[in-house]
Student: 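So that we are looking at the same thing, I have put the structure below in structure tokens.
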Amino acid sequence: MTASPPPVLPDERLAAGAARLAAQHTGHFSAETVRHLVADSYAQLAAARARTHLVVMAERPAAERLDALAHTQATGGAGLPRVLFVAATTPSAPQTAAALLRPRAGGRVTASSAGTDPAAEVEPEVAQVLSEAGGSLEDAFPKPLTDEVVQAADIVVTRGCGDACPIVPGRRYLDWPVADPDGAPITAVRAIRDEIDTHIPDLLTTLPDS
């Protein structure tokens with residue numbers, strides 16, 4: 001069977017990003033694998049209606065996917081436990097949960113978020129209420145749900161996913177039935193943040209050993 005040719009990246013900045021990631025993963029992933037992930041991440045962000053800095057942003061989900069692949073392929077699944085927060089619609093609630101978990105975990109966990117229908121940008125009200133609670137969404141961006149991040153997760157926390165979220169054997173699944181903060185007034189977003197925060201201590205006590 002003839003191998004498929006590497007994708008043609010539509011912007012030289014994408015090609016530069018793929019080259020950076022390939023250099024970081026030398027010996028683990030081929031340059032062709034990296035280019036395919038960069039091209040696919042770009043296409044998924046475009047489908048998610050992301051427009052601001054789309055070309056530059058595509059490198060970030062590709063980097064997360066490569067990190068997830070490397071974790072999955074590591075012997076014995078070494079490394080910090082990984083928690084993935086997922087929503088069936090927009091990812092504001094998962095982004096909020098991940099941003100709250102990181103400082104409270106004190107470096108004991110890798111937290112990420114995704115949405116099956118990610119919004120083009122982070123809601124400003126969500127960023128504001130997280131800043132009030134000591135969290136940050138400065139690194140947040142639209143993150144479509146991909147197989148790599150699900151496969152790498154030890155715990156998957158869902159919000160109204162149903163059949164939209166893939167079930168991977170061996171992962172622990174939790175459902176936090178909180179409201180969607182997108183489009184809600186600031187007082188409601190604060191209440192949703194506080195409700196999410198009440199779940200964090202229980203999650204921390206049940207993390208698998210690293």
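No hydrogens, no waters, no symmetry mates; every other heavy atom, side chains included, goes into these values. If you read the sequence from its start, that first residue is 1, and numbering goes on from there.
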Student: How would you list, by chain and number, every residue that makes a side-chain hydrogen bond (donor to acceptor under 3.5 Å, both in side chains) with Thr26, sequence neighbours excluded?
Tutor: none
Student: Shortest non-hydrogen contact from Pro94 to Phe85?
Tutor: CB-O, 3.3 Å
Student: Are any non-hydrogen side-chain atoms of Leu174 and Arg172 less than 4.5 angstrom apart?
Tutor: yes
Student: Residues in side-chain hydrogen bond (donor to acceptor under 3.5 Å, both in side chains) with Thr110, at least two apart?
Tutor: none
Student: What is the distance from atom CG of Leu66 to atom NE2 of His25, rounded to the nearest 0.5 Å?
Tutor: 4.5 Å
Student: Answer whether the closest heavy-atom distance between the side chains of Tyr173 and Val86 falls below 4.5 Å.
Tutor: no
Student: How many angstroms lie between NE2 in His199 and CG in Leu204, if you round to the nearest 0.5 Å?
Tutor: 13.0 Å
Student: Checking Ile192 now: which residues fulfil side chain to side chain contact (heavy atoms under 4.5 Å, CB included) with it, not counting sequence neighbours?
Tutor: Ala179, Pro181, Ile196
Student: Would you please name every residue forming a side-chain hydrogen bond (donor to acceptor under 3.5 Å, both in side chains) with Arg171, sequence neighbours left out?
Tutor: none
Student: Quick one: are Val189 and Thr96 in side-chain contact, heavy atoms under 4.5 Å?
Tutor: no
Student: Look at the side chain of Arg159 and the backbone N and O of Pro177, then say whether any donor-acceptor pair between them is shorter than 3.5 Å.
Tutor: no
Student: Of all the heavy-atom pairs spanning Leu145 and Val149, show the shortest one and how long it is.
Tutor: CD1-CG2, 4.3 Å
Student: Apply side chain to side chain contact (heavy atoms under 4.5 Å, CB included) to Gln128 and list each qualifying residue two or more places apart in sequence or on a separate chain.
Tutor: Glu132, Ile186, Arg190
Student: Do the side chains of Thr72 and Glu148 get nearer than 4.5 Å, heavy atoms only?
Tutor: no
Student: Please identify each residue that fulfils ring pair (Phe, Tyr, Trp, His ring centres under 6.0 Å) with His28, with sequence neighbours left out.
Tutor: none
Student: Please confirm whether the backbone N or O of Phe29 pairs with a side-chain atom of Thr33, one donor and one acceptor, at under 3.5 Å?
Tutor: no
Student: Would you indicate whether the side-chain heavy atoms of Val157 and Leu84 approach each other to under 4.5 Å?
Tutor: no
Student: What distance do Leu69 atom CG and Gln151 atom CD have between them, rounded to the nearest 0.5 Å?
Tutor: 9.0 Å
Student: Determine whether Glu59 and Val38 make a side-chain contact, defined as any pair of heavy atoms from C-beta on separated by less than 4.5 Å.
Tutor: no
Student: I'd like to know if Asp147 and Arg65 make a salt bridge, using a cut-off of under 4.0 Å between side-chain N and carboxylate O.
Tutor: no
Student: Before giving the answer on salt bridge (charged side-chain N to carboxylate O under 4.0 Å, His left out), spell out for Asp67 and Arg82 the whole-Å C-alpha distance, their side-chain angles and the decisive distance to 0.1 Å.
Tutor: CA-CA 11 Å; Asp67 177 69; Arg82 302 171 78 96; 2.7 Å; yes
Student: For a 4.5 angstrom cut-off between non-hydrogen side-chain atoms, does Val109 reach Asp154?
Tutor: no
Student: Which distance, rounded to the nearest 0.5 Å, do you find between the CZ of Arg35 and the OG of Ser30?
Tutor: 11.0 Å
Student: Let me confirm one number: the CG-CZ distance from Leu101 to Arg108, rounded to the nearest 0.5 Å.
Tutor: 9.0 Å
Student: Looking only at non-hydrogen atoms, find the nearest pair between Leu14 and Ala58 and report the distance.
Tutor: CD2-CB, 3.6 Å
Student: Are the side chains of Ile155 and Leu207 in touch, meaning some heavy atoms are under 4.5 Å apart?
Tutor: yes
Student: Quick one: OG on Ser112 to CD on Gln95, what's the gap to the nearest 0.5 Å?
Tutor: 11.0 Å
